[in-house]
Amino acid sequence: FKLQPFQLSFRNISLQITPFKVSIFLGIAALVAPMSIMLMGTSYHDNLVSIPLFISILLIVMILQSPHENQSLLLILAGISAGISFGLKMTSAIYIIAVGLTLFIVVREWSTKIKTGFQFTGGVLVGIMTSGGFWYVKMWKSYKNPFFPWFNNIFHSPELLDINIRDARYLPTSFLDGLLYPIYFM
């Protein structure tokens, strides 16, 4: 009796689809996706920065699917995770704002909305100071602007003109233009 190599390798693997197997498959698919491969070895670090954001979203989905007895702790941890992402790269702020607005929309009672908002925001601030606090303090000591060179119109660093550095070429020129931007980028 002789086993074929194909039979030997799949002999003990069940073909039943489980959530764990799907998550492993999706993780591998995301890892080898063209955009993910393209970002490897670059200085963008979007792959690294997205991990705490995904953890934050996962924690919030866990809270919304089934209320936990330690829901406040999970919400604060979700905020800390999102804040770590911002501390690593400030461009993740748009996603943190989106998660906060989503929480505001999904939570029904006003008292719970306020409590949820404070817990998530507090967690975000702790996360920001955990991952970026040292750098913000160093920038403040050096340039009197924790976000130098950005927001210099607010902090007025003597090292740069009192202007807000940004590229306005890609900003919408009207309200309608702003609404159509997602379609433009498709």
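Heavy-atom basis, side chains included; hydrogens, waters and symmetry copies ignored.
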Do other residues, nucleotides or ligands put more than 12 heavy atoms under 6.0 Å from the CG atom of L26? yes
Can you check whether L74 reaches I60 side chain to side chain, under 4.5 Å on heavy atoms? no
If you take all heavy atoms of S131 and I84, which pair is closest and at what distance? OG-O, 3.0 Å
Are there more than 12 heavy atoms of other residues, nucleotides or ligands under 6.0 Å from atom OH of Y181? yes
Is it the case that the side chain of T121 and the backbone of G117 share a donor-acceptor pair, with hydrogens and angles ignored and the cut-off at 3.5 Å? yes
What one should report as the nearest heavy-atom pair of S56 and A82 is OG-CB, 3.7 Å
For S157 and N145, work out which heavy atoms get closest and say how close. CB-CB, 4.2 Å
Side-chain (S92) to main-chain (F86) donor-acceptor, under 3.5 angstrom: yes
If you define the side chain from C-beta out and look only at heavy atoms, does anything of I57 sit under 4.5 Å from Y95? no
Indicate the atoms forming the closest heavy-atom contact of M139 with P146, along with that distance. CB-O, 3.6 Å
Show the nearest heavy-atom pair for residues K113 and F104, with the distance to one decimal. NZ-O, 2.9 Å
Counting only heavy atoms not in Y184, do more than 12 sit closer than 6.0 Å to its OH atom? yes
Evaluate the criterion side chain to side chain contact (heavy atoms under 4.5 Å, CB included) for residue pair Q71 and L75; output intermediate values, then yes/no. CA-CA 6 Å; Q71 185 170 339; L75 196 56; 5.6 Å; no
Can you check whether F20's main-chain N or O pairs, donor with acceptor, with S23's side chain at less than 3.5 Å? yes
For Y143 and N152, does a side-chain donor sit closer than 3.5 Å to a side-chain acceptor? no
Check whether any side-chain heavy atom of L88 lies under 4.5 Å from a side-chain heavy atom of V49, and answer yes or no. yes
More than 12 heavy atoms of other residues, nucleotides or ligands under 6.0 Å from CZ of F151: is that the case? no
What I'd like to find out is whether the side chain of E159 reaches to under 4.5 Å of the side chain of P149, using heavy atoms alone. no
Taking the six-membered ring for Trp, are F155 and W150 closer than 6.0 Å centroid to centroid? no
Side chains of S81 and L53: closer than 4.5 Å at any heavy-atom pair? no
